[in-house]
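Here the structure is a predicted model, which means the values were calculated and not measured.
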Amino acid sequence: MSMMGDHGGPVTSDQEQQKCLDEASTSVKRNAFFMKKALDDDNLREALRYSAAMLGELRTSQLTPQKYFELYMQTFTELQHLEMFFKEEHKKGRQYADLYELVQHAGYVLPRMYLLCTVGSCYIRSKETAAKDILKDLVELCKGVQHPTRGLFLRSYLCQVSRGLLPDVGSEYEGAGGDISDAVDFLLVNFTEMNKLWVRMQHQGSNRDRERRERERQQLADLVGRNLTYTSQLDGLDYKLYQGVVLPRVMEQIVQCKDHIAQQYLMQCIIQGFPDEFHVSTLDVLLGALPELQGSVKVHVILASMLDRLASYATTDESVLELYSKADAFNKLSAAATAVAQQHSEMPAADVASIYIALLGFTGKVYPNKLDYTDKVLTECYQALRARQLSSDSQAEKQIVSLLSIPLNTYDAVTVLGLHNYPSVLSLLSPPTCKQMAVTIVQSILKASTLVGSESKVEMLFDFIAPLVKDVPGALDGTDEEDFAEEQNLVARMVHQLRSDDPDEHFQILKIARKHFSLGGARRVRHTLPPLAFSALQLVRTMKKKQRTDQAAETSCKTVLQFVHGIVAPLADVPVAELALQLYLQAAHSASEIARLEMIAYEFMEQAFILYEEAIPDSKAQVTALQSIVGTLHRCRIFTPENRDVLVHKATGYSAKLLKKADQCRAVCTCSHLFWQEEEASQPDSDFAEPSTTSTTETNDVQPRVHDADNVLSCLKRALKIANAAQQQLAVALKASDTSPAFLYVEILNQYLYYFEKGLPNITPSVMQSLLELAANEVSSESCKQDERLQKIYSNTLEHIRAQQGGEGEVAQRYEAINL
């Protein structure tokens, strides 16, 4: 046997711990070897002597619980051989009663008890005596070991070997061996004694070792809880037995032990171990114990765990909801949460919030149709938190954000924001966290596609998301440009959820949104005003449709378009002139093709030209803007010839003033389409072809499509002149392949082909033939042969001509005169 004895505390260093364990393990192996040798020789007394010596190693006080467990498992494995020998002895005619008495001659109480438990389990299986008597005898005899660690492992061994031997309902040991009450009594007595040993560990040794003792106790917690686990698994445990015997005895032990570690763990054992239906019917007992727990117990964790468990139970069966209503579960849980928050004034705000998070989650799952319950939880949460200091408590604010997000996941955002006490809880947050919550609200609206369709609801929504739409002191601290843009994009997407089926109310909603967005400053309006403009233009389309069905609204299309003008104008000063120009063009098209308001459409085009002249100096941006202007003007058919000539003249004039010759050439080619309008393949605005007569500024007739072949040819000839001028510059500098005159000639050729197919009388086969020869000459030059992109474009053009020549119809006849 090793030199380890009963006295002295655990050695501290890992090396010493391992050394002690190795010595004890070696002794166990040696004695186990001689024990098994004696068993093989059928020498029972020698076997018992060596087994007692082996078990004597468990008397050590020098190992930590973790190392002691390793030693315990080693001896536990060796005891299996002894148990098998006892069974063999019984088969040979030896009575278990004799063996039960024989092992009690062991010198030390700890080895004696392990041997008694081993023989006792065999004794019960033999049914030579009542199981309840052996169990009661063993559980009482184990009181002889009062050392906490040794006693806990001994009783754990007793609990383990007796599992399956209890006189449970339906068990083979029920009847003469006892009943379910005896099984419950055995487990509860063992639990009580183990808990006492476990708590006693806290009061041994000096205060400086307190943290170490607490860690060791945490390692041993499962040994104590195993009794409650086995109790909950008894087939005969019904509600009556649980409510009348098990719960009172367990709760008495929890409250009376006055130990925060034990109370914390054992309350969790009850909540997680026993059936949920038992908890619902015994809520008063469980909740009544909370105020009696030690002040250092994390009551919020216990209560939150109970709420989560009950909430999950509610989703299993609809009949559970009736059980909750009958037990008045919500009011009891709500009262308990309030009592805990009031009683523990020192409890951190984050912990208080966690209680109400669990309560709110429970409410949403169990009572989804009772918004007043949700509002009541928010009220109680606000009252509990406002007395606590939340400034600089980031953890508390994080919990409050989680709390406020729960209803958004259960109900639509508009309903949640309408709760009376939602803004009260929100007011507890700091400006940066308020902005985070505002983002969550907007995301909830977008995720659920919630429509905000009344003026009052829109005003309420903007009050909640104010940190996103205007400057709030402290809200922008630490926000980088990328995050800011992402937030504003969320708000921009939300704009399309602000609408009503009633056009008049929809227009009022847009006006409210504009009022709030105008407070956001230049940094925000570039993100928020464009979607507002598009939403207004969509309203114009809706109103025009209603006019056609005699459901005209009080608000006119003219008023909405004037509203759009007021939205776009500030963007030119931000400055985001390119964006403002595109919006003016969109509005011009809507005014022309949907609302049929010529003068308003002309005003929008005029503003677009002004922006082009005054606010877009960059040459690349000018090219893009001019293409958009020409495209919009090409699609607008409301303008009278006089007004259209002014606009077209402006556009063609700007084309000739572009900086680069290549840009000039392409722009002039594009402008040629202003003089030739074809029927569009699809006309989405055809529903609005009929004119309106709601304003004296409206034009009643859609203008005929422009077919001016002379001006088309004039534009194309001017493009050729510009390309020729670009060719003359080639000797000076050639910056990029796409500025090569050869590219320009091929592009002009394609423009000619387009009009040739349309049948313009002044674009004859001879004109086309001359242009083909010019393009071929340019493309075949040495400088262009190596340009794969140019050669590909040119070959595709020739392939198109061949395909047309091989076709049928009028177009094919025109192409027959062209010689490739």
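Residue E318 places its CD atom among 12 or fewer non-hydrogen atoms of other residues, nucleotides or ligands, all under 6.0 Å distant. The neighbour count for Q233 CD, taken as heavy atoms of other residues, nucleotides or ligands under 6.0 Å away, is above 12.
Contacts of K515 classified as salt bridge (charged side-chain N to carboxylate O under 4.0 Å, His left out), with partners at least two apart in sequence or in another chain: E459. Here R309 pairs with D276 under the salt bridge (charged side-chain N to carboxylate O under 4.0 Å, His left out) rule; sequence neighbours left out. Taking S405 as the reference, nothing meets the side chain to side chain donor-acceptor pair (under 3.5 Å) condition, with sequence neighbours excluded. Every residue two or more places apart in sequence or in another chain that forms a side-chain contact (heavy atoms from CB on, under 4.5 Å) with Q263 is listed here: I254, C257, L293, Q294, V297. Contacts of D618 classified as side-chain contact (heavy atoms from CB on, under 4.5 Å), with partners at least two apart in sequence or in another chain: K620, A621. Residues satisfying the salt bridge (charged side-chain N to carboxylate O under 4.0 Å, His left out) criterion with D308, sequence neighbours excluded, are absent altogether. In this view, K332 and D284 satisfy the salt bridge (charged side-chain N to carboxylate O under 4.0 Å, His left out) rule, not counting sequence neighbours. Residues meeting the side-chain contact (heavy atoms from CB on, under 4.5 Å) test with N331, sequence neighbours left out: D328, K376. Residues satisfying the side-chain contact (heavy atoms from CB on, under 4.5 Å) criterion with P423, sequence neighbours excluded, are F464.
Between Y324 and Y313, the ring-plane angle classifies as perpendicular under the 30° and 60° cut-offs.
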### Task
Starting from the C-alpha separation in whole Å, work towards a yes-or-no answer on salt bridge (charged side-chain N to carboxylate O under 4.0 Å, His left out) for R541 and E593.
CA-CA 10 Å; R541 184 182 294 271; E593 301 308 292; over 6 Å; no
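Here F517 and F462 bring their ring centres to under 6.0 angstrom of each other.
Distance check, rounded to the nearest 0.5 Å: CD1 of I465 to CG of L461 gives 4.5 Å.
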Pair up each side-chain donor or acceptor in residues 356-372 with any protein partner under 3.5 Å, not counting sequence neighbours, and list the distances.
unit_1: T363; atom_1: OG1; unit_2: L359; atom_2: O; d: 2.7

Only distances under 3.5 Å count here; give the side-chain donor-acceptor pairs of residues 443-455 to other protein atoms, sequence neighbours excluded, each with its distance to 0.1 Å.
unit_1: S444; atom_1: OG; unit_2: L408; atom_2: O; d: 3.4
unit_1: S454; atom_1: OG; unit_2: S456; atom_2: OG; d: 3.4
unit_1: S454; atom_1: OG; unit_2: K457; atom_2: N; d: 3.3

Only distances under 3.5 Å count here; give the side-chain donor-acceptor pairs of residues 560-569 to other protein atoms, sequence neighbours excluded, each with its distance to 0.1 Å.
unit_1: H565; atom_1: NE2; unit_2: E603; atom_2: OE2; d: 3.3

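Ion pairing between a basic and an acidic side chain is recognised when a charged N comes within 4.0 Å of a carboxylate O; R523 and E481 show such pairing.
For E397 and S430, the side-chain atoms include at least one donor-acceptor pair closer than 3.5 Å.
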